[in-house]
Protein chains: 2
Amino acid sequence: MTASAAQTSPRKRTGNGAARRIDADEIRLDALVGHAGYAVRRFQIWIFQDFIKTLGDVDIRPTQYSVLTVIGANPGLSQMAVAKRLGIERARLVHLLDSLEQRKLVKRIKSKTDRRSHALHLTAQGETALAKFKRLAVEHERHVEEKIGKANRERLLQILGGFT
Amino acid sequence: MTASAAQTSPRKRTGNGAARRIDADEIRLDALVGHAGYAVRRFQIWIFQDFIKTLGDVDIRPTQYSVLTVIGANPGLSQMAVAKRLGIERARLVHLLDSLEQRKLVKRIKSKTDRRSHALHLTAQGETALAKFKRLAVEHERHVEEKIGKANRERLLQILGGFT
DNA sequence: TGGCAATTGTTGTCGTCAACAACAATCTTC
DNA sequence: GAAGATTGTTGTTGACGACAACAATTGCCA
């Protein structure tokens, strides 16, 4: 495997095509190290994977969690309001709600004041389920702390607070 | 519990269906404000959109930029090595390289030492193009600074440095 | 008051992206 | 030399963002 790296062969023969074995941690990222977007992307992938795994038993993904949380904290919102608040396409929210409604976590109630819109509510089952989701989400947040440190997580939330 | 706290809505009592009009900045995010993942996701969306817009004239997306940068800094890498280093599926990298090769920015050279793999190189055209991309990327990074502040950007890079 | 523009939910398409699975060609290892 | 692993490729699935079009309904205003 990495044994060939031990020999004193030329560092890199890039003249034609061939090249020696290169360890993954030996590859230079060059300009990428100075780009916030790259670090943020990698971090977001990690954090979402941990969230999905931690909430794997209850089969809830980050976007679903955000929808349930906002509806739980603001009963009666319209789909448009939820979509706008969370930065989700209202077309996409339709499918998300279809799924959550099938699972009896959310119900769409026809609004009396505006017959175009639906008032979104958690079901009783949805309330208790969300409580469990939140406990698992807190556990996920602990994983984040373990990964980047408590102080760094706090600082991160503070820096990015304006994007909520 | 935190779940019952969500019910204490002072103004708007929406027992059944109807609801009054609600301003977007009046909707409570509840538990989401304490989740790093939510803030990071929103920030990542913003940062990618700015990157795509800033590099819009040259039609280069963040992932393409990262591939070009790594190849440029490490000529002769195999597709597997690039994929592993950037956290991209090797199946996905195939399409990315197809596109970049069609645009004459990258070339796949058959490796002499391992006839399964390709040695990846920038074309001469790719070299000069990447130089321009990097200038635009620096401009994008300035936008990030303007958005969150110079010191905060530095700290962000420092906090997330382990994910590169 | 009547008509027209705007809004809401819905359906559909398109493109990006992560996650898998399967495959042929080619090493590697025993 | 045979068995197993690796590399590039093709394909599928599903989550997701961005648009466009549509019917029903509301709001506006002339």
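In this structure, the CG atom of Leu93(A) is 13 Å from the C1' atom of dC16(D), given to the nearest Å. The nearest whole Å value for the distance from the CD1 atom in Ile88(B) to the C1' atom in dA18(C) is 11 Å. The CD atom of Gln49(A) sits 9 Å away from the P atom of dC20(C) (whole-angstrom rounding). With rounding to whole Å, Lys110(B) atom NZ is found 13 Å from dG8(D) atom C1'. Rounded to a whole Å, the CD atom of Glu101(B) is 13 Å from the C1' atom of dG8(D). Taking atom NE2 of residue His95(B) and atom C1' of nucleotide dA18(C), one finds them 12 Å apart after rounding to whole Å. In this entry the distance linking CG of Leu77(A) with C1' of dT8(C) reads 14 Å, nearest Å. Atom pair Arg42(A):CZ and dC17(C):C1' shows a separation of 14 Å (rounding to whole Å applied).
Side chain of Met80(A), nearest nucleotide from dT8(C), dG8(D), dT11(C): dT8(C).
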Show your working on side-chain hydrogen bond (donor to acceptor under 3.5 Å, both in side chains) between Gln125(B) and Arg103(B) and close with a plain yes or no. CA-CA 9 Å; Gln125(B) 183 179 338; Arg103(B) 293 171 62 176; over 6 Å; no
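Residues Ile88(B) and Phe48(A) fall into different hydrophobic clusters, defined by Ile, Leu, Val, Met, Phe, Trp and Tyr side chains chained together at heavy-atom separations under 4.5 Å.
Mapped onto DNA chain C by nearest heavy atom, Glu89(B) and Leu96(B) fall at different nucleotides, with Leu96(B) at the one closer to the 5' end. Along DNA chain D, the nucleotide nearest Asp98(B) and the nucleotide nearest Phe48(A) are compared for position; the residue whose nucleotide lies closer to the 5' end is Asp98(B). Nucleotides of DNA chain C nearest to Ala91(A) and Ser117(A) differ in position, and the one nearer the 5' end is that of Ser117(A).
Tyr65(B) has its ring centre no less than 6.0 Å from the ring centre of Phe133(B).
Residue Ile45(A) is in sugar-phosphate contact alone, with no base atom involved, counting any heavy-atom pair closer than 4.0 Å across all strands shown. Among the heavy atoms of the strands, none lies under 4.0 Å from Gln64(B).
Of the possible polar contacts, none joining the Asp30(B) side chain to the Ala73(A) backbone as a donor-acceptor pair under 3.5 Å is found. With hydrogens and angles disregarded, a donor-acceptor distance shorter than 3.5 Å links the side chain of Arg42(B) to the backbone of Leu86(A). No donor-acceptor pair under 3.5 Å is formed between the side chain of Thr69(B) and the backbone N or O of Leu32(A).
Taking the six-membered ring where tryptophan is involved, the planes of His35(A) and His140(B) are tilted, since the angle between them lies from 30° to 60°.
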Distances under 3.5 Å between protein N/O atoms and the N/O atoms of nucleotides 13-15 of chain D, please, pair by pair.
unit_1: dA15(D); atom_1: O3'; unit_2: Arg61(A); atom_2: NH1; d: 3.0

Just the table, please: protein N/O against nucleotides 22-26 of chain D N/O, every pair under 3.5 Å.
unit_1: dT26(D); atom_1: OP1; unit_2: Arg115(A); atom_2: N; d: 3.2

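Under the 4.0 Å criterion applied to side-chain N and carboxylate O atoms, Glu101(B) and Lys107(B) are not assigned as salt-bridge partners. Under 4.0 Å is where a charged nitrogen must lie from a carboxylate oxygen, and between Lys147(A) and Asp50(A) no such pair does.
Not one side-chain nitrogen or oxygen of Gln79(B) sits closer than 4.0 Å to the OP1 or OP2 atom of dT6(D).
Donor-acceptor pairing under 3.5 Å is recorded for the side chains of Arg155(A) and Gln158(A).
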